[in-house]
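In each ligand, atom 1 is the first atom listed, and ligand 1 is the first ligand listed.
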Amino acid sequence: MTPYRADLLDLLAQTTSSFITQPSSEINANIERALATLGQRFRVDRSYLFRLSADGSTASNTNEWCAPGIEPQIQHLQDLEVSVMPWWMGEVRSGRAINLHSLAELPESAVEERAILEPQGIQSLLVLPIIWHGRLEGFVGFDHVREARVWGAEEIHVLRVIATTFAQAFERQRVDDRLELASTVFQNAHDGIFITDKNERIIDINPTFTELTGFTRDDVIGMTPNILSSGRQGPDFYRTMWASLNSTGHWRGELWNKRKDGTHYLQRLAIAVVLGPSGEPDRYVGVFSDVTNEHQQAQRLEQLAFHDALTQLPNRVLLTERLANSLQESSQKQKVLAVCYLDLDAFKSVNDRLGHEAGDRVLIEVGRRLQGLCRSVDTVARLGGDEFAVILPSVASATIAVAKVERLLRAVSEPVQATETETVSLTVSIGVRLLTGGTDGTSAESLLRQADQAMYRAKQEGRGRLHVFDAAHDQALVARHEHLNMVRLAIQRNEMQFFVQPIIGIADGGVRFVEALVRWQRPDGGIAPPGEWLAGIEESPVIAELGSWMLERAIDYCAEWVGKGVCGGVSVNISAYELRDADFPHRLRALLARHPTLDPACLKLEILESAALSDIETVVATMHSCRELGVCFAIDDFGTGYSSLAYLKRLPAQTLKIDRSFVADMLQDPGDHAIVKGVIELAKVFGRESVAEGVESAEHLAALGDIGCDAAQGYGIAKPMPAETFAAWVAGRSAAGAARLQQ
Ligand code: C2E
Ligand code: MG
Ligand code: MG
């Protein structure tokens with residue numbers, strides 16, 4: 001092969017060297033220069049460069065050099081659809097040069113190309129493809145418009161080399177751009193990044209690494225990431241990490257590391273292995289962020305969700321969870337599990353007397369004392385208000401468990417400094433549920449409930465003590481609960497009925513009062529008298545519900561019957577529970593207000609003697625409040641409650657009802673006769689009316705009349721009857737009386 005002409009070699013060196021020596025940012029200037037140099041050297045009219053778009057669908061003229069006096073074309077040659085020049089593109093795509101001595105050499109098929117080239121006045125042209133790794137990137141061209149030129153083979157060869165230099169320059173620019181981008185990411189990432197060699201020696205870090213750890217580049221280059229280790233993770237942690245890196249090529253997780261200043265932080269770290277050409281690990285890239293705040297936030301949220309804000313003790317949710325765990329464990333061990341429910345006695349008085357701040361102090365101190373006596377496996381929780389719970393798992397025996405609870409009881413009972421100047425002495429009532437050997441199939445919730453019930457018993461037994469849950473008592477409670485629900489439901493379903501039983505004056509036989517008596521019309525058709533179910537609802541709000549229901553009707557009927565002259569009034573039974581309710585007189589007043597024309601003295605409230613004596617102070621107070629409204633009172637079942645004369649004097653009742661048990665046998669039993677007579681005389685002395693209950697025969701009535709009894713009630717006169725039939729009964733009775741009189 002003939003050697004290249006020296007001038008061509010010079011030209012090659014001149015046009016390509018700058019691409020090698022200068023950075024890729026100079027590429028455009030270098031191309032401009034090369035086009036100018038080549039244009040001048042070969043005396044072309046126009047030298048230019050076209051580049052294809054990324055998808056290869058369009059071509060744009062990016063650089064152009066024109067000889068003096070030649071019209072530039074660049075602005076007309078942007079974004080040309082390459083599909084309009086199929087022959088041309090076919091040539092350059094195949095890597096062939098287009099070398100036309102005149103446009104006449106264009107093949108017949110190149111219609112579109114001709115249409116583009118002819119208007120430019122082109123005489124001859126040379127176009128060389130720019131190809132990189134088989135991909136067409138563009139082409140460089142040389143046009144003659146003033147006269148045609150014939151290109152030598154050597155010239156074309158040199159120009160092809162130059163075209164390849166352009167291709168390399170473009171590739172370099174692309175690589176540089178990518179590097180630049182990678183570097184920008186590395187420099188500006190909000191995550192810390194470190195890169196190590198295969199021996200885990202750090203070879204680079206980014207500025208965020210320094211920001212997060214405090215270690216500078218100089219501190220860490222050449223060191224291993226061990227420099228960050230806090231020692232809080234054991235060897236197992238790192239073993240797992242390396243196992244993952246070796247098997248999957250990456251690892252991600254959280255670990256506690258140490259900053260340069262010694263403080264610890266929680267790092268969320270992802271490590272990737274970069275393999276070398278041989279497939280062996282060549283580098284490790286670690287990307288991490290500081291998630292200490294996130295972690296603390298999560299911990300705070302957990303603290304809030306599972307702890308009591310005042311004492312920082314576990315709350316009910318956490319307690320129940322721990323209890324469930326303890327239950328599971330105790331099913332496996334032959335140990336005792338104790339669940340304690342604590343309620344401070346009279347804590348409200350601390351709040352009321354010394355303020356809430358003092359109350360809070362007391363609660364915190366109580367929590368502290370309980371915790372002070374507990375082991376780490378125990379749980380002390382605050383359930384709310386003045387209620388705490390303690391779980392003691394794995395105690396050796398029931399006796400030891402109870403002894404421990406007694407210690408808790410004593411500790412809480414020690415005086416507490418509630419304010420600067422005041423100490424308070426509180427007691428606590430503790431219910432204990434002991435679980436020995438196995439779970440009995442009970443749940444955490446039911447254990448806690450049973451401990452709560454036992455606590456309630458401790459209160460009933462006088463407070464300041466502990467009570468151990470007893471299953472038999474629990475069953476009775478469950479039964480009571482069911483009974484209460486049943487009766488409450490019956491009231492709601494309107495199954496209660498309002499019956500009345502007349503009370504007549506013995507002297508004149510006239511109907512003085514009627515006693516209201518409740519009946520339960522069971523869905524099965526039977527009528528249940530109160531003796532069968534009333535005792536089961538005493539001392540519960542259900543009896544008050546029933547009482548309201550009866551009282552309301554009693555007053556309505558009273559207004560109706562007194563208004564019509566059917567009888568003198570209605571007498572209604574009031575339970576001890578209602579009598580203790582301070583609100584009772586107000587409710588009574590409201591009910592009476594519905595019948596302004598009714599004389600309140602026509603309403604009589606019957607109170608069992610035993611109820612009156614159970615809490616005489618309160619009952620007397622309530623009675624006085626009701627008396628102020630004008631209503632009357634009767635002491636019911638008189639003689640059964642051992643009331644002393646002193647009490648009788650204090651009770652503002654107008655009527656004494658002599659208990660049925662004395663009346664029943666008075667005809668046979670002189671003792672009962674004496675009692676009945678005694679009560680009647682007593683009533684006279686105190687100025688009270690006497691009513692005998694359970695008068696079953698005319699003989700009874702006569703005997704009672706003989707000893708001066710005022711009024712009588714009993715089957716001998718009439719059995720209790722539905723209220724609706726009462727007026728008819730009275731009418732029938734007067735008719736019979738009139739008939740008797742006429743005889
Ligand atoms: P009580 O107030 O002493 O009512 C009289 C009870 O004696 C009624 O029983 C009545 O049916 C019954 N009785 C009346 N005359 C005779 C008789 O000649 N012989 C016999 N063997 N018994 C007679 P009842 O209706 O079963 O009521 C039982 C108790 O239930 C009542 O005793 C009262 O203490 C209570 N009670 C009834 N209704 C109510 C109510 O609405 N509220 C409250 N709190 N207690 C009620
Ligand atoms: Mg009664
Ligand atoms: Mg009675």
For residues 520-531, which side-chain N or O atoms pair as donor and acceptor with protein atoms under 3.5 Å away, sequence neighbours left out?
{"residue": "W520", "atom": "NE1", "partner": "E495", "partner atom": "OE1", "Å": "3.0"}
{"residue": "Q521", "atom": "OE1", "partner": "Q497", "partner atom": "NE2", "Å": "3.2"}
{"residue": "Q521", "atom": "NE2", "partner": "G525", "partner atom": "O", "Å": "3.1"}
{"residue": "D524", "atom": "OD1", "partner": "G526", "partner atom": "N", "Å": "2.9"}

Do any nitrogen or oxygen atoms of Q713 come within less than 3.5 Å of a nitrogen or oxygen of ligand 1?
->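 N/O-N/O distance under 3.5 Å: no.
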Please say whether P529 places an N or O atom under 3.5 Å from an N or O atom belonging to ligand 1.
->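 No; every N/O pair is 3.5 Å or more apart.
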Using 2.8 Å as a strict upper limit, say whether an N, O or S atom of [X] approaches the Mg ion (ligand 2) that closely.
{"X": "N573", "answer": "yes"}
{"X": "D636", "answer": "yes"}
{"X": "E693", "answer": "no"}

How long is the gap from CG on L313 to CG on D308, to the nearest 0.5 Å?
->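 It is 6.5 Å, given to the nearest 0.5 Å.
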Nearest to atom 26 (O) of ligand 1 by heavy atom, G547, P530, A634: which?
->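 The residue whose heavy atom sits nearest atom 26 (O) of ligand 1 is P530.
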Near [X], which atoms of ligand 1 are under 4.0 Å from a heavy atom of that residue?
{"X": "G694", "value": "16 (C), 17 (C), 18 (O)"}
{"X": "D637", "value": "3 (O)"}
{"X": "L534", "value": "30 (O), 35 (C), 36 (N), 45 (N), 46 (C)"}
{"X": "E606", "value": "2 (O)"}
{"X": "G714", "value": "15 (N), 18 (O)"}
{"X": "Q501", "value": "10 (C), 14 (C), 15 (N)"}
{"X": "E696", "value": "17 (C), 18 (O), 19 (N), 20 (C), 21 (N)"}

Contact list for residues 558-580, test ring pair (Phe, Tyr, Trp, His ring centres under 6.0 Å), sequence neighbours left out =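 Qualifying pairs, neighbours excluded: Y557-W561, W561-F726.
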Under a 4.0 Å threshold between the charged nitrogen and the carboxylate oxygen, would [Y] count as salt-bridged to [X]?
{"X": "R553", "Y": "E560", "answer": "no"}
{"X": "E689", "Y": "K604", "answer": "yes"}
{"X": "R382", "Y": "E387", "answer": "no"}
{"X": "D386", "Y": "K348", "answer": "no"}
{"X": "D345", "Y": "K459", "answer": "yes"}

So which bit of E578 gets within less than 4.0 Å of ligand 1, heavy atoms only: side chain, backbone, both or neither?
->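 For E578, no heavy atom sits under 4.0 Å from ligand 1.
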How does L517 reach ligand 1, if at all, at less than 4.0 Å between non-hydrogen atoms: by side chain, backbone, both, or neither?
->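 Both backbone and side chain.
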Side-chain donor or acceptor of [X] paired with backbone N/O of [Y] under 3.5 Å:
{"X": "R361", "Y": "E357", "result": "no"}
{"X": "D672", "Y": "L667", "result": "no"}
{"X": "R465", "Y": "R463", "result": "yes"}

State the atom name: nearest N, O or S atom of E515 to the Mg ion (ligand 2).
->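 E515's closest N, O or S atom to the Mg ion (ligand 2) is named OE2.
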Give the name of the N/O/S atom in E606 that lies closest to the Mg ion (ligand 2).
->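 Output for this pair reads OE1.
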Test item, K657 contacting ligand 1 (heavy atom, 4.0 angstrom) =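 Outside the 4.0 Å threshold, so no.
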Under 4.0 angstrom from ligand 1, any heavy atom of P720?
->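 Yes.
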List the atom of T379, the atom of P314, and the distance in Å for their closest heavy-atom pair.
->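 Here T379 and P314 meet closest at CG2-CG, 4.1 Å.
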